[in-house]
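Reviewing the structure listed below.
This structure is a prediction, so every number in the text was calculated from the model and none was measured. For ligands, and for the atoms within them, numbers begin at 1 and follow the listed sequence.
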Amino acid sequence: MSVATRRRARVRVEGTVQGVGFRPYVHRLAGELGLAGYVLNDSQGVLLEIEGSSDAVALFLARLGPDAPPLAVLESLTVVDAEPIGADGFEIRPSPHGERADVPVTPDSATCDDCLRELLDPSDRRYRYPFINCTNCGPRFTIVRGVPYDRPLTTMAGFQMCEQCRAEYEDPRDRRFHAQPNACPRCGPSLSLLDSEGRAVARWDAALAAAVEALGGGAVVAIKGIGGYHLACRADDDGAVGALRARKHREDKPFALMVGTLVEAARVVDIGDAERGLMSSPQRPIVLAPRQAGAPVADSVAPGALELGVMLPYSPLHHLLMRDFRAGALVMTSGNVSDEPIAFRDADAVQRLGAIADLLLVHDRPIETRTDDSVARVVASRRPLFVRRSRGYVPAALTLPGGTLRPLLGCGAELKNTFCLARGSRAWVGHHIGDLENYETLESFTEGIEHFERLFSVAPAVVAHDLHPEYLSTKYAFERDGVELVGVQHHHAHLAACLAEHGEQGTAVGAIFDGSGYGTDGTIWGGELLVGDTGDFRRAGHVAAVRLPGGDRAIREPWRVACAWLTAVGATPPRALRELVPERKWAQVAGLVQSGVASPLTTSMGRLFDAVSALCGLRTAVNYEGQAAIELEAACDPHERGRYPIGLESIDGALVIDPRELVGVVCADLAAGVAPGVVASRFHAAVAAVTVDACSALAGANGTDIVVLSGGVFLNRRLLERVCAGLDERGLRVLTPERLPIGDGGISYGQAAVAAQRIARA
Ligand code: ZN
Ligand code: ZN
Ligand code: FE
């Protein structure tokens, strides 16, 4: 080969390219094309140089992105030509001294197709081995104890690789090169079945077989997964599901299901291509979709809900379990007693789950960080919408547009808490912590923050927090020494999170509807129309304020909010509701509303949905957050086309959504015998229409065409899709959160985005 046709190129690759088998992939590709050079990880990502015939170099560059390993996410690829030096041989070089990987830990990933094939191949040495994995799949974040991400700093440290596994691990051409959890039946974790006292009753395949048989017979089995324990039982058996509910003290919050294949999933829920894509992605979230008529699933799995949450197997153990079970879907709900965090430590699991489960299917690979299943759905035919972002997604970095000049921490909200660390242009949103209301969750919050600070070497100089002084996350912020504090209004954080995720730095209108958030005036906000950007905002409008009689009690008892609205319009309760609430209690609460005693003002949209649900006699007390609204949505008559009147007027420069007339008509309709499903439908149409009107008016007045829809109320598919369609029709650009939860799980990232802007503008 003449030197003239020889070419050398230097390639810089950025994105998620470390810990995902990218270097061995480059090594293989270069080898295949006969190219010389090297590849290494450094603080910016991957750096490589290749040299050979210019045709081969061109081919290499053409294939580099498209053929990359499944877990790699290439954000940028820059090629610069260099002088050929006549190199031969290709090597994986160590990282330059003193340079630290920027993305040392990747999310846990579902079993890849290659591993699945081996798992089911009787001639493979890992045939039916429940812990098979490779560089392209397996546990990651949940087993990491520290950095650098290397076997001794994972929960695999106690397992000594056998010779064969070691050889795979050290061979750059092997699919298991540097796969930290690499293991086989000879050297790796093993499976056991315990009785409810924690005594081992079977091991290996016999353990699995006994668990499968027990499940078939209607037993409840705790199963150790990737980020914690599940509680499983057959989904088609009302008795089994009922027993699980009773023992878990969970009245009617929906349970998630696991099915073996997409074909089975389609039998249970109505899914299109977008849902199938999400469900079978390496992240394998629980996907919420409308329940199929005649689905072989007991009603008690998700009472009163339109949708079922379904996931596909994501660990080799799940694959074996679903294949052997053969009897359709299994309930797979988090292994905890109601309101406690999911169990993930083995000793603790027996103690806490032994009273719920008949048997425990366990293994001896410890879980370092509790990580719940992620939950998502697809709305408006294509937008992914997260209810919970955790296992499979965490700790993948998000971009922080504009970056931050100082490392920072966003402490998040109180319910469905997450935290967020940011440095430079990257933000790491932590796993779902849950409701910060007990010692266990507070502990996982503080431990989680410390863990992420080490993993991503972020030493926060600025700490952003909610304005609510009583949130435990706010108190945590106040107790951090030597940091600058930035208070961020709750609904502004919702708006900023969505804008930042979409890389949008301009001004937008935000319709932020949720249950509650502390306002800048000390009242409880929750039906907010904001105008602003990631740095600043103005409250341009809101739902008319009403009393919340009894404060938090009114959140658990929606009839109290109904009473507040009825008192505000001077109407009497509809019969359905009157029959559900004793007259004496009603009079007491009406008294609270009139006097204002223990009854703070709120502009919450979530509470308005609660009130209408109660007026319809659907739900007077809730057993889980959002239940009244979920059941109101489920009750909607799909054929009803009517819409209630709802006020929208400008008062002192603020656009006020006034539902008083609506509440009056709802009562009149119900008194006249109109079905609750029709009322529910007309109510949804009214809220959607007024939201569209308000947003387009504000967009016009403020010279923007961007509208952000966020907050937990928009988990309501009917509402969200109608508002999206209405705004689309008016030529406005609608942004919804697509990578982070639309509820309070997205708040921490929003706080980080706001704080970063404030630092930059200071
Ligand atoms: Zn694999
Ligand atoms: Zn081995
Ligand atoms: Fe919120």
Side-chain angles (χ1 to χ4, degrees), residues 20-21 24 69-71 108-120 124-126 129 131-140 151 156 159-170 174-190 282 314-316 319 387 412-418 435 466-468 471 473 488-498 510-519 524-528 530 555 602-607 625-626 708-715 737 740-751:
V20 292
L71 299 183
D108 304 283
S109 178
T111 309
C112 73
D113 290 346
D114 289 328
C115 284
L116 190 56
R117 207 171 303 123
E118 291 169 356
L119 179 70
L120 304 173
D124 194 274
R125 73 187 189 92
R126 291 188 180 88
Y129 181 54
F131 309 97
I132 186 171
N133 65 81
C134 73
T135 311
N136 301 326
C137 74
R140 294 287 187 279
R151 186 141 169 148
M156 286 297 291
F159 298 94
Q160 191 81 35
M161 268 186 267
C162 69
E163 241 170 74
Q164 264 176 300
C165 286
R166 167 71 54 193
E168 293 165 340
Y169 181 87
E170 286 171 353
D174 196 279
R175 205 174 87 242
R176 296 192 165 87
F177 176 67
H178 281 195
Q180 305 305 345
N182 189 28
C184 77
R186 273 178 60 205
C187 66
S190 61
Y314 55 83
S315 80
H319 281 286
V387 179
E414 175 92 335
L415 301 180
K416 301 177 166 54
N417 175 277
T418 63
D435 300 350
D466 197 274
L467 296 183
H468 200 308
Y471 279 4
S473 54
V488 179
Q489 201 279 324
H490 187 91
H491 303 93
H492 184 216
H494 274 300
L495 170 68
C498 184
I512 314 295
F513 297 166
D514 63 5
S516 54
Y518 201 81
I524 306 167
W525 293 7
E528 307 308 306
L530 309 181
I555 297 173
T602 184
T603 55
S604 170
M605 182 63 92
R607 296 293 88 80
E625 201 199 354
V708 167
L709 304 176
S710 192
V713 168
F714 284 110
L715 285 168
L740 287 171
I742 198 164
D744 285 0
I747 289 288
S748 60
Y749 172 72
Q751 291 170 340

Review point. Is there a donor-acceptor pair closer than 3.5 Å between any side-chain N or O of S604 and the backbone N or O of G515?
Key: yes
**Study point:** SG (C112) to the Zn ion (ligand 1) to SG (C137) angle, given to the nearest 10 degrees
**Key:** 110°
Exercise for review: Calculate the angle formed at the Zn ion (ligand 1) by SG in C115 and SG in C134; 10° precision is enough.
Suggested key: 100°
Check your understanding: Out of H490, R607, M605, which one pairs with D514 under the side-chain contact (heavy atoms from CB on, under 4.5 Å) rule?
Key -> H490
Review point. In this structure, which one of P189, P181, C187 forms a side-chain contact (heavy atoms from CB on, under 4.5 Å) with F159?
Key: P189
Could you pull out the atom name of the N/O/S atom in [X] that is nearest the Fe ion (ligand 3)?
X	answer
H490	NE2
D514	OD2
D744	OD1

Check your understanding: Looking at SG of C112 and CD1 of I132, how far apart are the two atoms once the value is rounded to the nearest 0.5 Å?
Key -> 8.0 Å
Review point. What is the distance from atom CD of E528 to atom CZ of F513, rounded to the nearest 0.5 Å?
Key: 8.5 Å
Revision key, fill the gap. Rounded to 10°, the SG/C187 to the Zn ion (ligand 2) to SG/C162 angle comes out at 120°
Review point. Are C165 and R125 side-chain neighbours, meaning at least one heavy-atom pair lies under 4.5 Å?
Key: yes
Point to revise | the Fe ion (ligand 3) reached by H491 (N, O or S, under 2.8 Å) | key: no
